[in-house]
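Naming: A, B, ... by sequence-line order, numbering from 1 per chain.
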Amino acid sequence: MKVATWNVNSLRVRLAQLEEWLGRLEPDVLCLQETKVRDADFPVQAFADRGYEVVFHGQPSYNGVAIAARGPLTDVTQGLGGFPDEQCRALAATFRGLRVASLYVPNGTALDSPRYPYKLAWLEALTEQSRRWLADNPALVLAGDFNIAPEDRDVYDPVAWEGSVLVSAAERAAFQALIAAGFTDGLGVLAGEGRGYSWWDYRAAAFRRDLGLRIDHILLSAPLAARFVQGFVDREARAHARPSDHAPVIIEINWPPA
DNA sequence: ATGTCGCCGAGCCGGCGA
């Protein structure tokens with residue numbers, strides 16, 4: 001089974017690219033972030049035409065998450081339990097026995113911004129919710145834009161970025177606390193090849209110069225980590241005309257068990 | 001390094017968030 005995640009930075013703008021991408025990569029499940037579309041305006045038909053069911057949790061202008069799959073999605077839940085949030089950043093569903101969560105972790109803006117403690121609180125709520133999800137179904141995938149580069153080697157210039165949002169010690173500790181709840185960072189276990197950046201700023205020709213960060217992740221619970229086959233960042237999508245600033249991450253796992 | 005996008009409300013630009 002192929003599981004993918006992509007922060008599309010506006011589904012409406014990226015829809016044609018996404019349709020083309022579905023045909024090229026053929027994921028079985030795809031988590032989307034920053035759809036920026038109201039539920040009433042969600043382009044359900046475009047997914048149906050490609051053979052995908054889709055569930056979504058959106059709002060105007062900002063945020064918005066969705067999950068598309070080649071088959072029925074059940075037990076759909078929005079948000080993180082016990083963490084009231086006006087922002088649409090979390091959505092979970094079950095597909096072929098696999099529990100999948102599409103996550104758009106708050107950016108945080110800067111360490112002195114009020115959005116920074118919100119980000120840390122959100123991550124703590126995610127870890128708590130992940131424990132509950134695992135208790136219900138040990139086959140769990142957390143996929144999305146985590147807005148955290150876990151290690152210095154996930155940053156093009158760690159010295160320049162030291163201490164800033166996306167790499168700060170508190171964010172990395174929160175990420176490790178989530179991992180410690182029972183996950184493996186799908187591409188994070190890879191070295192060199194395969195462990196590419198997933199986001200490049202639109203400014204300063206960052207993609208052309210490969211000034212990127214690895215902030216989009218697919219976390220696998222233990223039973224799934226044992227079934228990991230391969231994975232990569234699809235840089236081709238970032239090289240497309242009028243791209244999202246994020247590239248998709250896709251992994252293959254041996255699922256369902258034979 | 002403040003250079004790019006996408007969103008919105010109200011235009012044909014400016015503020016906001018990433």
Side-chain angles (χ1 to χ4, degrees), chain A residues 5-21 31-43 46 56-66 79 85-91 102-123 126 143-150 154-168 170-172 174-175 196-217 233-249:
Chain A
T5 185
W6 193 4
N7 178 325
V8 289
N9 186 18
S10 174
L11 183 55
R12 274 174 299 213
V13 172
R14 235 62 70 186
L15 188 58
Q17 284 177 59
L18 176 60
E19 291 178 280
E20 175 191 313
W21 189 84
C31 296
L32 297 170
Q33 300 86 35
E34 284 205 85
T35 54
K36 299 185 178 178
V37 64
R38 294 172 176 87
D39 289 350
D41 300 331
F42 197 94
F56 37 86
H57 177 42
Q59 65 187 89
S61 308
Y62 305 112
N63 311 312
V65 283
D85 193 357
E86 290 178 0
Q87 304 185 19
C88 300
R89 296 181 174 277
L91 181 69
S102 180
L103 305 167
Y104 179 43
V105 177
N107 174 284
T109 306
L111 269 63
D112 58 359
S113 162
R115 296 193 191 87
Y116 184 74
Y118 165 67
K119 177 178 194 173
L120 296 178
W122 200 96
L123 286 162
L126 172 62
D145 175 3
F146 285 76
N147 270 315
I148 298 172
D154 299 315
V155 181
Y156 68 89
D157 186 346
V159 174
W161 276 78
E162 191 176 359
S164 30
V165 75
L166 311 189
V167 310
S168 74
E171 290 166 81
R172 285 177 167 175
F175 186 79
Y197 303 139
S198 67
W199 172 84
W200 300 258
D201 199 294
Y202 280 124
R203 293 167 287 190
F207 181 66
R208 185 178 55 73
R209 300 155 68 200
D210 199 24
L211 308 181
L213 273 67
R214 191 177 73 90
I215 58 175
D216 299 86
H217 310 300
V233 178
D234 179 38
R235 297 172 68 103
E236 234 180 283
R238 184 62 177 80
H240 198 280
R242 214 180 171 195
S244 165
D245 46 353
H246 294 253
V249 178

* In Å and rounded to the nearest 0.5 Å, what is the OH to CG distance from A:Tyr197 to A:Asp210? -> 6.0 Å

Under the rule for side-chain hydrogen bond (donor to acceptor under 3.5 Å, both in side chains), what residues qualify as partners of [X], not counting sequence neighbours?
{"X": "A:Tyr104", "value": "A:Glu34"}
{"X": "A:Asn147", "value": "none"}
{"X": "A:Arg89", "value": "A:Asn63, A:Gln87, A:Tyr118"}
{"X": "A:Arg238", "value": "none"}

* May I ask you to say what A:Arg208 touches in the nucleic acid, namely base, sugar-phosphate or nothing, with a heavy-atom cut-off under 4.0 Å? => nothing

* Does the side chain of A:Ser10 get closer than 4.0 angstrom to OP1 or OP2 of B:dC5 through an N or O atom? -> no

* Asked: Think A:Arg242 has a side-chain N or O under 4.0 angstrom from the OP1 or OP2 of B:dG6?
  -> yes

* **P atoms of B:dG11 and B:dG6, separation to the nearest Å** =>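 The answer is 23 Å between these two P atoms.
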
* To do: For B:dC16 and B:dA10, measure between their C1' atoms and round to the nearest Å.
  => 15 Å

* Can you list the residues that meet the ring pair (Phe, Tyr, Trp, His ring centres under 6.0 Å) rule with A:Phe42, with sequence neighbours excluded? ->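 If we apply the ring pair (Phe, Tyr, Trp, His ring centres under 6.0 Å) test to A:Phe42, skipping adjacent residues, the hits are A:Phe47, A:Phe56.
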
* Asked: A:Ser164: what forms a side chain to side chain contact (heavy atoms under 4.5 Å, CB included) with it, not counting sequence neighbours?
  ->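 Side chain to side chain contact (heavy atoms under 4.5 Å, CB included) list for A:Ser164, sorted by chain: A:Trp161, A:Val167.
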
* Applying side chain to side chain contact (heavy atoms under 4.5 Å, CB included), name anything that partners A:Asp157, two or more places apart in sequence or on another chain. => A:Val159, A:Ala160

* Asked: Going by heavy atoms closer than 4.0 Å, what residues in residues 11-21 of chain A are next to DNA chain B?
  ->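 Contacts with DNA chain B under 4.0 Å: A:Val13, A:Arg14.
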
Polar atom pairs (N or O), protein with nucleotides 16-18 of chain B, under 3.5 Å:
from: B:dG17; atom 1: OP1; to: A:Arg115; atom 2: NH2; distance (Å): 2.7
from: B:dG17; atom 1: OP2; to: A:Arg115; atom 2: NH2; distance (Å): 3.1
from: B:dG17; atom 1: O5'; to: A:Arg115; atom 2: NH2; distance (Å): 3.2
from: B:dA18; atom 1: OP2; to: A:Thr109; atom 2: OG1; distance (Å): 2.9

* Asked: On DNA chain B, nearest-nucleotide positions of A:Thr35 versus A:Ala205: which is more 5'?
  ->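 Closer to the 5' end of DNA chain B: A:Ala205.
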
